[in-house]
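Contents: one structure, followed by commentary.
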Amino acid sequence: MPRTATDTSVALRLTRTVEDARALDGVVERLRPRVVAALAERPGLAALLHGRPLGHALHPLMTDLPLGLWTSATALDLLGGETARPHADRLVGLGVLTALPTSVTGVADWARSGRRTRRVGVLHAAFNGAALGLYGLSWLLRRRGARTAGVAVSLLATGAVGAGGYLGGHMSYRLGAPPRGLSGPAADRPAPDADEVDAPAGGA
């Protein structure tokens with residue numbers, strides 16, 4: 001039986017709208033050629049960013065670092081009491097530091113993915129960039145003694161991270177990004193499983 005629009009969640013319907021949003025192509029075409037050119041000039045670095053030494057994409061693994069640090073900071077902020085405050089602050093700062101290389105791996109994969117993924121990726125990056133900025137502001141506020149404001153800002157950042165994470169999951173699990181050939185052959189068996197077939201690198 002065909003699936004109708006009402007069979008899917010509001011979030012999924014909105015994200016599918018983003019997939020078809022040609023208005024985002026202008027942003028993509030301003031940024032993507034520069035990233036592709038930089039990767040082509042440094043093939044060894046490109047292979048590392050795509051996760052070729054691992055045999056699968058590096059970016060999802062990297063996201064565990066900032067997400068884990070920030071989630072732990074939030075738990076300490078809400079449940080840890082006064083003695084946990086310096087530890088929470090330190091975790092926020094470490095999350096900001098680890099988010100920077102994580103974003104580089106994501107941009108590398110985004111530039112080599114399909115058109116729909118690139119459109120969704122623009123919004124994904126916007127949410128994550130906002131979260132990174134908010135966590136950075138939270139860390140500064142905490143350092144300056146404005147702890148209540150710092151915690152409030154970090155909670156806002158958590159919401160942005162959640163939205164960005166949803167879009168990231170959509171790109172991976174709905175759109176099959178990044179193309180598996182970036183990190184090596186999809187499979188070394190004569191008949192790979194259906195979910196091991198490479199996603200197209202440049203098409204819709």
Side-chain angles (χ1 to χ4, degrees), residues 11 15 18 24 27-28 30-32 34-36 38-39 42 45-54 56-80 84-113 117-144 146-147 149-173 175 177-178 182-183:
T15 306
V18 176
L24 294 172
V27 177
V28 172
R30 281 195 296 272
L31 299 176
R32 181 173 179 260
R34 300 177 185 179
V35 178
V36 171
L39 293 172
R42 302 168 181 83
L45 176 61
L48 178 62
L49 294 176
H50 292 312
R52 188 169 290 271
L54 297 177
H56 62 75
L58 176 60
H59 182 64
L61 176 62
M62 293 288 291
T63 62
D64 288 348
L65 291 170
L67 293 179
L69 290 164
W70 287 332
T71 301
S72 298
T74 299
L76 291 179
D77 281 335
L78 299 179
L79 304 172
R85 291 180 177 180
H87 307 297
D89 299 348
R90 192 173 297 114
L91 289 170
V92 169
L94 289 172
V96 170
L97 292 177
T98 58
L100 298 175
T102 299
S103 66
V104 174
T105 62
V107 170
D109 286 345
W110 168 83
R112 296 289 307 279
S113 294
T117 297
R118 295 195 297 266
R119 290 168 179 164
V120 176
V122 170
L123 198 57
H124 172 71
F127 276 115
N128 286 344
L132 178 58
L134 288 170
Y135 276 120
L137 175 59
S138 173
W139 184 81
L140 289 174
L141 290 170
R142 293 162 188 256
R143 295 281 293 179
R144 294 175 180 176
R147 179 167 187 79
V151 172
V153 169
S154 68
L155 292 177
L156 289 175
T158 300
V161 163
Y166 176 85
L167 295 171
H170 183 87
M171 289 188 289
S172 294
Y173 300 116
L175 299 177
L182 294 178
S183 56

Side-chain contact test, heavy atoms from C-beta onward, threshold under 4.5 Å: evaluate it for [X] versus [Y] and give yes or no.
X	Y	result
H50	D109	yes
S103	L132	no
L100	V104	no
R112	P178	no
N128	T102	no

Please find the pair of heavy atoms, one from [X] and one from [Y], that lie closest to each other, and give the distance.
X	Y	value
A57	S183	N-OG, 3.8 Å
A108	L39	O-CD1, 3.9 Å
V161	A131	CG2-CB, 3.4 Å
A111	V35	CB-CG1, 3.5 Å
S138	V92	OG-CG1, 4.4 Å
S154	D77	OG-OD2, 3.9 Å

What pairs of residues pass the salt bridge (Lys or Arg N to Asp or Glu O under 4.0 Å) test when at least one of them lies in [range], not counting sequence neighbours?
range	result
residues 86-105	D89-R142, D89-R147
residues 152-164	none
residues 123-136	none

Rounded to the nearest 0.5 Å, what separates atom [atom1] in [X] from atom [atom2] in [Y]?
X	Y	atom1	atom2	value
M171	L123	CE	CG	9.5 Å
L182	H59	CG	NE2	13.5 Å
H124	T15	NE2	OG1	12.0 Å
T71	D64	OG1	CG	10.0 Å

Item to check | Residues that W70 engages under ring pair (Phe, Tyr, Trp, His ring centres under 6.0 Å), provided they are two or more places apart | outcome: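 W70: ring pair (Phe, Tyr, Trp, His ring centres under 6.0 Å) contacts with Y135.
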Item to check | Partners meeting side chain to side chain contact (heavy atoms under 4.5 Å, CB included) with L24 (sequence neighbours left out) | outcome: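 Checked L24 against side chain to side chain contact (heavy atoms under 4.5 Å, CB included); matches are V18, A21, R119, V122.
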Item to check | Under the side chain to side chain contact (heavy atoms under 4.5 Å, CB included) test, residues paired with L69 that sit two or more places apart | outcome: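 Checked L69 against side chain to side chain contact (heavy atoms under 4.5 Å, CB included); matches are L91, L94, T98.
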Item to check | Main-chain N/O of S113 paired to R118 side chain as donor or acceptor, under 3.5 Å | outcome: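 Present.
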